[in-house]
2 protein chains.
Amino acid sequence: MSTVQVVNEMLVTEGRALKHVQVREYVRTLVTGAAPGSPAPSERELVHRFGVARMTVRQAMDALVVEGLLERIPGRGTFVARPRRAPSRLTSFTEEMARRGLLAESQTLLARREQAGPGVARALNLTEGDAVIHWRRLRRADGQPMCLEDAYLNEVLIPGFLQSGMPTSLYDALDSRGLRPTWAEDSINADVASEEEAQHLDLPAGGPVLRHSRRGLAGEKVVEVSRTVYRADRYTIWLQVGAEG
Amino acid sequence: MSTVQVVNEMLVTEGRALKHVQVREYVRTLVTGAAPGSPAPSERELVHRFGVARMTVRQAMDALVVEGLLERIPGRGTFVARPRRAPSRLTSFTEEMARRGLLAESQTLLARREQAGPGVARALNLTEGDAVIHWRRLRRADGQPMCLEDAYLNEVLIPGFLQSGMPTSLYDALDSRGLRPTWAEDSINADVASEEEAQHLDLPAGGPVLRHSRRGLAGEKVVEVSRTVYRADRYTIWLQVGAEG
DNA sequence: CAGTGGTCTAGACCACAGT
DNA sequence: CTGTGGTCTAGACCACTGG
């Protein structure tokens, strides 16, 4: 599915809905929450119900099959598929700390509208000078300073974010807008703390730190760019790479 | 009309080839190796070439679009897509450097049979004292020291490894035995170099380094455990996390 | 303007499940 | 047997792109 299709659908919501989209969304509502293995309506039943051609119904069902929501069994019917893969959600700092049995706290040092600099603009697919939200937080785990995070958000995607009161978890906030990142491009390297960082993190200046940059994407949209500096003595990144886990 | 049906059956009995599969594979051969952005044949051109209905051609092209091989642009045509996903293979140091346009070199500092210590034994799913192969290498990129790697292999899985002459690439060697890791559990943190590490890496002692530990698995078997220390000023880890890239 | 992909129709025959 | 999905036809109109 291309960006163009998404645009089509958005235009359509303000006008007449495409038939295959109508059918698809009808089936989706029937299917979401249903137990794996439950039967979906048969293609010919949907043909009758919507008064459309069978190819149109198939186009609708095809999309759901590709999504992994449905499974076709020739000669038997179409059924709710069991989830293929664990939804590899990106974990937020809050979730990450919880997984380690630590209580995450967050202190906002900065939350304001800014003009995107060259680096942030490129990472967010914006033009230099475009409006971005800059959110700097000092994050603690069990009261100990753990990292200093600068997050940049595309203001166009998150209107009224600053006015709505800052949430505890950025990812939860994005989630409620349907913009939780599903994948990301990360880079990780080691460095020494700057004086400002050292002060915030309660480190000697020049002490070792771990730098983690993230470009978080929801679909094709870059929703978050962040740069985080961790105390090297308190934080280790764990991750699983590759498939077939 | 019945003529058409007869022709269909003849084709089917001859090659067992469905029409949309024929079209799909024809387009695939045209497309593999072509530069991203190259145009694929138009749908109507394929209709003429194969004498099939347009829906059949679309079914063929749909499959390639879902695969990520093709990209449709309404009003313009269908084009070779640029690869979406990161390679699911784990990349070796050699491949990693090649991707950055650097020449990887490797100097073996140690290659011998040892008894597994407690940490290595646990990571390799062995018992302390079991035989392991310990391979320590200093790795350079374009002549500059880049990292120091200690790899431990389960000797039972790789008999005669030390006698067969050390290969250039560990992953290639494992690959030839069908033991190339397909996934891994990694941990990454920042630290300062020990004196020995600093000497090898041509760093001042206490300089910042990136430590990367890996448990590489092929299926359910742990085939490799490694600990690598990188010069912080020369190495950054890049990775893509999550799905739907 | 001509060409492209996006959508849609109203049928058809097939192989295969289950009864 | 009936019903299912899998395949396929021969058209059609639309919105969009490019020259």
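Chain letters run A, B, ... following the sequence lines, proteins first, then strands; residues in each count from 1. No experiment lies behind these values; they were computed from the predicted model shown. When reading the values below, keep in mind they use all heavy atoms of this one structure, side chains included, and skip hydrogens, waters and symmetry mates.
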Secondary structure of DNA chain C per the Watson-Crick/G-U criterion (both distances under 3.5 Å; [ ] crossing, | other strand, . unpaired) is ||||||||||||||||.|.

Report, one line per pair, each donor and acceptor closer than 3.5 Å where one atom sits in a side chain of residues 110-118 of chain A; sequence neighbours left out.
unit_1   : atom_1 : unit_2   : atom_2 : d
A:Arg112 : NE     : A:Glu114 : OE2    : 2.7
A:Arg112 : NH2    : A:Glu114 : OE2    : 2.9
A:Arg113 : NE     : A:Glu155 : OE1    : 3.0
A:Arg113 : NE     : A:Glu155 : OE2    : 2.9
A:Glu114 : OE1    : A:His134 : ND1    : 3.2
A:Glu114 : OE2    : A:His134 : ND1    : 2.7

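For the pair B:Met61 CE and C:dT4 P, the interatomic distance rounds to 11 Å; values are reported in whole Å. The CG-C1' distance, from B:Leu18 to C:dA15, rounds to 11 Å in whole Å. D:dC13 atom C1' lies 12 Å from atom NZ of A:Lys19, rounded to whole Å. One can place CE of A:Met55 at 16 Å from P of C:dA12, the figure rounded to the nearest angstrom. One can place CZ of A:Arg58 at 18 Å from P of C:dA10, the figure rounded to the nearest angstrom.
Comparing D:dG5, D:dC13, D:dC8 by their nearest atom to the side chain of B:Arg44 picks out D:dC13. Among the nucleotides D:dG6, C:dT9, C:dT7, the one closest to any side-chain atom of A:Arg54 is D:dG6. Distances were taken from every side-chain heavy atom of B:Ala53 (C-beta onward) to each of C:dG6, D:dA10, C:dA12; the shortest belongs to D:dA10.
Side-chain atoms of A:Glu197 come within 3.5 Å of backbone N or O of A:Ser194 as a donor-acceptor pair. Although no hydrogens or angles enter the test, the distance criterion places no donor-acceptor pair under 3.5 Å between the side chain of A:Arg211 and the main chain of A:Ala190.
In this structure, B:Phe50 has its ring center closer than 6.0 angstrom to the ring center of B:Tyr26.
Between D:dT4 and A:Ser42, a contact under 4.0 Å exists linking OP1 or OP2 to a side-chain N or O. Dashed line: the shortest gap from a side-chain N or O of A:Thr78 to OP1 or OP2 of D:dT4 is not under 4.0 Å. A:Thr56 has no side-chain polar atom (N or O) that falls below the 4.0 Å cut-off from OP1 or OP2 of C:dT7.
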Would you check, one step at a time, whether the test salt bridge (charged side-chain N to carboxylate O under 4.0 Å, His left out) holds for A:Glu149 with A:Arg139?
CA-CA 8 Å; A:Glu149 176 188 310; A:Arg139 322 200 72 161; 2.9 Å; yes

Stepwise, does the side chain to side chain donor-acceptor pair (under 3.5 Å) test hold for A:Tyr171 with A:Glu224?
CA-CA 10 Å; A:Tyr171 277 20; A:Glu224 169 216 14; 2.9 Å; yes

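A heavy-atom distance below 4.5 Å is not found between the side chains of A:Val222 and A:Leu157.
Of the charged side-chain nitrogens involved, at least one lies within less than 4.0 Å of a carboxylate oxygen, so that A:Arg28 and A:Glu67 count as a salt-bridged pair.
Dense packing is recorded around CZ of A:Arg177, with more than 12 heavy atoms of other residues, nucleotides or ligands lying under 6.0 Å away.
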Between the protein and nucleotides 17-19 of chain C, which nitrogen or oxygen pairs are less than 3.5 angstrom apart?
none

